[in-house]
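What follows is a set of notes on a single structure, which appears directly below.
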There are 2 protein chains.
Amino acid sequence: MTTEQVDGRSVPTLEAVAARAGVSRATVSRVVNGSTKVTPEVVAAVTRAISDLNYVPNRAARSLASRRTQVIALVVPESTAKVFADPFFASIVQGVALSLADTEYTLNMVISSETNPDKTRRYLMGGNVDGALVVSHHSGDHSYAQLGSTLPIVFGGRPVSEAQHESYFVDVDNVAGSAGAAEHLIERGRRNIALITGPQDMPAGLDRYTGWRRALEAHGLDHTLVEYGDFSPSSGLEAMRRLLAAGRPIDGLFAANDQMAAGAYSAIHEAGLSIPGDIAVVGFDDDNFGLTATPPLTTVHQPSIGLGQAMARVLVRRLAGEPVDRVTLLPTELVVRQSS
Amino acid sequence: MTTEQVDGRSVPTLEAVAARAGVSRATVSRVVNGSTKVTPEVVAAVTRAISDLNYVPNRAARSLASRRTQVIALVVPESTAKVFADPFFASIVQGVALSLADTEYTLNMVISSETNPDKTRRYLMGGNVDGALVVSHHSGDHSYAQLGSTLPIVFGGRPVSEAQHESYFVDVDNVAGSAGAAEHLIERGRRNIALITGPQDMPAGLDRYTGWRRALEAHGLDHTLVEYGDFSPSSGLEAMRRLLAAGRPIDGLFAANDQMAAGAYSAIHEAGLSIPGDIAVVGFDDDNFGLTATPPLTTVHQPSIGLGQAMARVLVRRLAGEPVDRVTLLPTELVVRQSS
DNA sequence: CTGAAAGCGCTAACAC
DNA sequence: GTGTTAGCGCTTTCAG
């Protein structure tokens with residue numbers, strides 16, 4: 001059973017609209033593209049013809065003639081795609097899609113295979129898109145940065161290396177968020193505040209460490225109670241065990257993400273300590289663990305949908321030739337629950 | 001700071017390749033499109049020229065000339081997009097994207113505003129895509145079905161109404177999955193098995209009810225212990241309370257999704273009953289609640305990534321003119337944990 | 001098996 | 001303001 005490319009009533013062309021409105025194709029084009037230099041009456045006539053005929057401009061023809069595609073690629077590394085179910089990432093996509101829905105741009109999702117990154121690169125450079133949004137899950141990998149000189153690109157997450165300083169990116173203000181988390185613990189009267197952070201080659205791990213340290217320093221508190229995890233629950237468990245085993249007093253803990261906080265919960269409980277009685281805990285991310293945890297976790301909420309929206313907005317502005325800051329930092333918000 | 005549409009070294013055209021290979025544009029086109037009717041030597045020469053020049057065909061031009069866009073739209077109703085963070089949905093997107101990555105098709109995500117559905121409709125009908133994938137979260141809403149006669153469409157989830165019988169769709173085998181869940185409870189020796197299902201105007205709610213009922217009937221068991229929820233945890237809580245309040249003996253429960261099972265857990269516990277001691281519980285979906293629940297939830301796993309992949313595959317086959325079944329049902333799998 | 005020629009539907013100078 | 005005229009880069013008959 002072959003699916004014929006049945007035309008039905010074939011799609012009307014600009015030419016048909018022109019004929020019906022009694023004007024030239026150029027004029028129809030002007031109206032469609034919102035040129036101001038058209039008489040109101042003509043605009044009206046053309047508009048009528050358009051809706052009568054149910055005309056929809058053909059994107060391919062338009063692109064070919066205008067040398068603009070009106071397509072924005074959202075590039076997702078395959079490894080990230082594997083954890084697509086990660087709500088943080090899904091929210092970014094959502095934000096991008098929502099934000100682009102109000103524009104003339106079309107969203108093209110590209111999964112870049114890590115085994116064959118050139119395919120994506122070629123696609124992007126082949127003049128098939130007007131710009132690209134690149135997200136590399138929590139990692140700051142700007143390996144597409146080189147393309148930035150030819151194709152407008154906006155990254156999600158700040159680059160790891162300052163060398164890639166040229167890139168445009170949108171990120172959550174991890175430093176401020178972490179500092180706020182630490183401040184909160186301090187306000188709660190905690191003085192021996194430990195940190196479980198992530199790998200220091202990942203911006204999120206590094207920046208959350210920095211924010212925490214700055215806050216403690218500002219209050220003249222000791223900031224050497226540090227352990228490292230890899231953002232997984234089990235690494236949080238291990239890290240907390242090490243912290244506890246060290247024998248130094250601890251009455252507060254900031255975990256660089258909620259998953260590690262979850263692990264820390266277990267370690268704290270297995271040590272017979274209470275939350276927040278003995279140790280007040282604050283996490284980061286505000287993922288779904290926090291709410292269902294016992295006690296519910298105080299955590300730093302990051303605007304993941306907002307991140308996607310901001311990325312799209314920055315790119316669209318760049319494409320419009322409007323001035324945009326290379327760096328866009330989104331504020332976080334401390335969600336206070338019962339763990340602190 | 002305006003972003004110039006700098007050309008850099010402008011993208012090579014087919015013409016350039018033709019010149020370099022010493023053949024006509026038509027021949028290059030044939031090679032690019034894998035026509036068999038070209039001499040091996042010529043193919044080699046053209047291939048060389050292509051890679052030398054780093055040629056990438058221009059999609060717009062190709063579309064315009066061939067009247068094919070090589071674009072597949074993935075339509076997501078805005079309300080669904082709001083719950084984009086729903087891992088089930090995110091997985092479908094992932095499946096679609098992965099599956100399409102191996103084809104010549106490009107994935108175009110479209111968020112269809114419910115307030116202005118015509119915009120999407122026009123876009124789809126405007127010859128801008130070769131086909132569409134429509135997902136309406138758990139709902140079977142095939143309001144785009146009418147377009148199916150003009151544009152090849154594949155739906156995720158079976159249609160609510162049999163009238164829309166024409167549509168192609170891919171769905172999880174809810175009936176079989178639920179029957180399996182009920183069978184499992186029966187095998188565990190449960191005889192008074194209750195059901196909390198979803199709205200009966202949603203295929204998932206209806207089909208999961210059907211599967212459960214058939215299994216009980218097959219074993220001559222009572223199948224009147226039924227309450228309805230709306231797939232939310234709180235509705236599950238309420239439903240379970242009603243079930244318990246009725247005073248009839250219950251030793252097993254099948255909840256039509258894990259969220260409602262979560263609510264049921266609370267109701268069971270607040271009634272001072274144990275899981276699975278007093279009541280064995282089985283859910284459906286295998287979302288992230290199941291693993292972290294106490295006790296971990298036995299549930300029916302549905303292949304959400306597979307669903308997306310299947311949708312893409314079915315559409316691509318249709319577009320290739322290959323025969324495809326209108327209905328594709330994906331098998332579920334019972335994941336036995338400690339709640340049963 | 002390969003080349004020539006004619007567009008695909010639209011935009012963008014350039015005239016009027 | 002509006003029409004005329006060229007193409008944008010590619011596919012596709014149709015000859016040869």
Side-chain angles (χ1 to χ4, degrees), chain A residues 5 7 9-47 49-50 53-71 104 123 125-130, chain B residues 5 7 10-47 49-50 53-71 104 122-123 125-130:
Chain A
Q5 278 285 25
D7 260 337
R9 315 167 294 297
S10 62
V11 183
T13 70
L14 186 154
E15 174 116 49
V17 176
R20 188 174 232 272
V23 297
S24 74
R25 296 180 314 174
T27 297
V28 177
S29 177
R30 289 187 184 102
V31 172
V32 169
N33 294 291
S35 164
T36 49
K37 305 173 172 304
V38 184
T39 321
E41 295 89 68
V42 177
V43 174
V46 172
T47 309
I50 287 178
L53 263 35
N54 224 298
Y55 167 76
V56 182
N58 177 308
R59 280 188 108 89
R62 205 209 279 252
S63 298
L64 191 54
S66 66
R67 312 174 123 300
R68 261 171 286 121
T69 65
Q70 300 292 80
V71 173
E104 282 293 272
Y123 176 71
M125 298 319 298
N128 298 308
V129 302
D130 288 348
Chain B
Q5 279 285 25
D7 259 336
S10 62
V11 183
T13 70
L14 187 156
E15 174 116 51
V17 175
R20 188 175 231 271
V23 298
S24 73
R25 298 182 311 177
T27 298
V28 177
S29 177
R30 289 187 184 103
V31 172
V32 169
N33 294 292
S35 162
T36 49
K37 303 172 174 306
V38 184
T39 321
E41 294 90 69
V42 177
V43 175
V46 172
T47 308
I50 287 179
L53 264 34
N54 225 298
Y55 167 75
V56 183
N58 177 309
R59 282 186 105 91
R62 204 209 279 254
S63 299
L64 190 54
S66 67
R67 315 173 123 299
R68 259 171 288 124
T69 65
Q70 298 292 81
V71 173
E104 283 292 274
R122 278 208 312 279
Y123 176 71
M125 298 319 299
N128 298 308
V129 302
D130 289 347

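As the structure is a computational prediction, the values presented were derived from the model and not from experiment. Letters A, B, ... mirror the listed sequences (proteins, then strands); counts begin at 1.
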ask   = With a 4.5 Å limit on heavy-atom distance, are the side chains of A:Lys37 and A:Arg30 in contact?
value = no
When rounded to whole Å, the CG to P distance for the pair B:Leu53 and D:dG9 reads 14 Å
Mind checking if A:Val32 touches a base, just sugar-phosphate, or nothing, with heavy atoms under 4.0 Å?
nothing
B:Arg30 atom CZ is separated from C:dG3 atom C1', nearest whole Å, by 8 Å
Think B:Ser29 has a side-chain N or O under 4.0 angstrom from the OP1 or OP2 of D:dT11?
yes
N/O (side chain, A:Ser24) to phosphate O (OP1/OP2, D:dG3) under 4.0 Å:
yes
To the nearest 0.5 Å, atom CG of A:Asn58 lies from atom OG1 of A:Thr13 at 10.0 Å
Rounded to whole Å, the CG-C1' distance (A:Leu64 to C:dC10) equals 8 Å
Check your understanding: Does A:Asp130 use its side chain to pair, donor to acceptor, with the backbone of A:Arg68 at less than 3.5 Å?
Key -> no
From CG of A:Leu14 across to P of C:dC8 the rounded distance in Å is 13 Å
Rounded to whole Å, NZ of B:Lys37 lies from P of D:dC14 at a distance of 16 Å
- Query: For C:dT11, does either OP1 or OP2 sit under 4.0 Å from a side-chain N or O belonging to A:Asn33?
  - Reply: yes
### Message
Once you apply a heavy-atom cut-off of 4.0 Å, does B:Val23 come out as touching a base, just sugar-phosphate, or nothing?
### Response
sugar-phosphate
Rounded to whole Å, the CD-P distance (A:Gln70 to D:dC8) equals 20 Å
(message) Considering every strand and a 4.0 Å limit on heavy-atom distances, what is the contact class for B:Val42: base, sugar-phosphate, or nothing?
(response) sugar-phosphate
Here the distance between atom P of C:dG9 and atom CZ of A:Arg68, to the nearest Å, is 20 Å
Per nearest nucleotide of DNA chain D, the residue lying toward the 5' end, B:Arg62 or A:Val43, is A:Val43
For a quick test of your reading: what N or O donor-acceptor pairs under 3.5 Å do the side chains of residues 14-23 of chain A make, sequence neighbours left out?
{"residue": "A:Arg20", "atom": "NH1", "partner": "A:Asp52", "partner atom": "OD2", "Å": "2.6"}

Think B:Arg67 has a side-chain N or O under 4.0 angstrom from the OP1 or OP2 of C:dG9?
yes
When rounded to whole Å, the CZ to C1' distance for the pair A:Arg25 and C:dA13 reads 14 Å
Under-4.0 Å side-chain N/O to phosphate OP1/OP2 contact, A:Ser66 with C:dC10: no
When every non-hydrogen atom of A:Leu64 is compared with those of B:Leu64, the smallest separation belongs to CD2-CD2, 3.4 Å
Ranking B:Ala65 and A:Ala26 by the position along DNA chain C of their nearest nucleotide, the one closer to 5' is B:Ala65
Query - Presence of B:Thr27 side-chain N/O under 4.0 Å of C:dG3 phosphate oxygens OP1/OP2 - result: yes
Inset, instruction - State whether the distance check finds a donor on one side and an acceptor on the other, under 3.5 Å, for side chain B:Arg59 versus base D:dG9. - result: no
